[in-house]
Amino acid sequence: MILLSFHGAARTVTGSRYLLEVNGRRLMIDCGMFQGLKALREQNWKPTAFEPRSVDRMLLTHAHIDHSGYLPRFVREGYRSAVHATSPTAELARFMLLDSAHLQMEDAEFLNRKRKTKHSPALPLYVADDVEAAMKLFRPEEYDSWKQLDSGVSFRMLNVGHLLGSAMIQLRIQDGGRSVTVLFSGDVGRYGMPINPDPVPPPESDYLVLESTYGDRCHCNEDVNSQLEILAGEVLSRGGILLVPAFAVGRAQQIIYLLQLLVARGKLPRVPIHLDSPMALEATKVYEKYRGQNRLPEEELRSGGAEGTLHLVHTQQESMALNGMSGPAVIISSSGMMTGGRILHHIKHHASDPRNLILLIGYQAEGTRGRALQEGARAIRIHHEEIEVAAAVAVLHGLSGHADHHELLKWLSGFPPPKSSFVTHGEEAQALALAGRLQAERGFSAQAPEMGQQFTL
Ligand SMILES: [Zn+2]
């Protein structure tokens, strides 16, 4: 008997956790943290519906915290078996999880200091030692190679183009006399994006678990290259500084590459691009190491003279030296929503100059400084100081790592209707809309499972 149950990312985006039970053996696909609203974050403190030590295997689709961020807690609670993931996923996960542990320590300390907690003292979900314990369980996997697990289960990981190392996972299960295949899409990437390759077509499978972050949205008319050329071109030609708050893993590397490509094509002047974020430096090293897995026109970048434009900022002194710098130049720094990190210092020193531009390139959650700027605020609070923003502010759309509904259907164009498909990893409206489209346009049997729901395959 094969049972599939949903323990997160069910009618919501975060907390991806799926459990497959094959004749009593338990496999878990993704071990994500719930993020966002308080009611979701509180889910991280509830015990899972099954004992961590009762799980026999863990498979991770990619390193994003909403897919991997619960793992150290799961290990702390008793999980001891292998964690299968691609090599870049394992390497990115290490410092993303360490960063996550660090943020939780900070939050707990803040709550204790302010006595804003019913629980005294407030505790972090996990600490760095739990991350190290989890990292010891990782087993690196190659793309597109079948791996036999015990109990008649084998799996393979295929490049889904969402983030370096990201994978969809196909499982082949022998159950009595029958063979059943199940495909977990993970987060599905897009076509023709900077750095990330196109997702490979999904292999035919009996069952499909499909993400739906943008199940009802369209990334239409978003020509990133020409938008960036215009926005960056204007600020650099007037001698200004282009300030980019960027998520350290994935997004920072994409924007560096896009800027360098515009330099190589003669569309932007050859100016220094300063990357000032310890985590982005780590991530950039992993991107360099797995250069072959990235979509990069190496020859064009080299011959166009874009090489040598990137300046990595290693020390705090180097970072502070950028405070007195004059343009034209680019500073890329995290955090992406300006909730913390070195970007705050750069904004503080350069926001008063109307020649400069603050360019928002990712999602800005409610309540963040990034969101305030996006909505037109002309002053923000940084380190207890009111900072006036005379610099221009612009939003660059189109760098999302998730396929929209057109791209999801394109991705599935050669995929015959499965016995059943389960739409997950989307807000309720997005998940239901995509399930409806799969039924109406592709003749799929599709549903959006609810938290804790179980199905017999
Ligand atoms: Zn993701």
Side-chain angles (χ1 to χ4, degrees), residues 6 8-10 12-18 28-36 40 44 58-71 83-97 99-100 143 157-169 183-191 193-200 202 209-215 217 219 246-255 279-280 283 286-287 290 293-294 334-337 361-365 398-405 407-408 411 423-427 430-431 434:
F6 297 86
T12 185
V13 178
T14 61
S16 280
R17 300 173 198 173
Y18 312 126
M28 194 168 163
I29 290 86
D30 280 347
C31 195
M33 186 188 276
F34 288 96
Q35 296 171 297
L40 282 168
N44 294 316
M58 171 94 67
L59 310 175
L60 290 189
T61 59
H62 65 292
H64 280 150
I65 290 298
D66 59 326
H67 293 257
S68 74
Y70 189 69
L71 179 63
V83 177
H84 300 271
T86 64
S87 304
T89 292
E91 289 177 45
L92 293 175
R94 171 179 219 98
F95 58 82
M96 291 178 82
L97 293 174
D99 183 62
S100 170
Y143 279 126
M157 300 194 161
L158 298 162
N159 198 335
V160 77
H162 165 71
L163 174 77
L164 179 64
S166 68
M168 65 184 115
I169 302 176
L183 182 68
F184 292 86
S185 74
D187 286 356
V188 180
R190 304 174 57 193
Y191 295 87
M193 290 300 284
I195 297 194
N196 297 330
D198 292 352
V200 304
V209 178
L210 176 66
E211 73 123 325
S212 62
T213 313
Y214 292 125
R217 286 200 202 125
H219 303 309
F247 301 94
V249 182
R251 201 54 55 86
Q253 293 73 30
Q254 278 182 317
I255 198 78
M279 183 142 103
V286 183
Y287 270 80
Y290 295 97
Q293 292 186 22
N294 299 325
S334 48
S335 71
M337 296 189 280
I361 60 171
Y363 177 72
Q364 306 294 324
L399 277 180
S400 167
H402 290 272
D404 67 8
H405 68 82
E407 291 163 314
L408 285 170
W411 183 64
V423 180
T424 62
H425 199 288
E427 299 299 344
Q430 303 290 321
L434 185 63

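For ligands, and for the atoms within them, numbers begin at 1 and follow the listed sequence. Note that the coordinates shown come from a computational prediction; the quantities given were computed from them, not determined experimentally.
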Protein N, O or S within less than 2.8 Å of the Zn ion (ligand 1), waters excluded: H62 NE2, H64 ND1, H162 NE2, D187 OD2
Across all chains, not counting sequence neighbours, the ring-ring contact (aromatic ring centres under 6.0 Å, His included) partners of H219 are Y214
CZ of R17 to OG1 of T424: how many Å apart, nearest 0.5 Å? 14.0 Å
Sequence neighbours excluded, the answer for side-chain contact (heavy atoms from CB on, under 4.5 Å) partners of S335 is T339
For F184, side-chain contact (heavy atoms from CB on, under 4.5 Å) partners two or more places apart: L4, Y18, L20, I29, L171, V182, V209
Run the ring-ring contact (aromatic ring centres under 6.0 Å, His included) test on H402 and H425 for me, step by step, so that the C-alpha distance in whole Å, both residues' side-chain angles and the decisive distance to 0.1 Å come before the verdict. CA-CA 11 Å; H402 290 272; H425 199 288; 5.7 Å; yes
Looking at G336, is its backbone amide N or carbonyl O close enough to the side chain of Q364 to form a donor-acceptor pair, meaning the two atoms are under 3.5 Å apart? yes
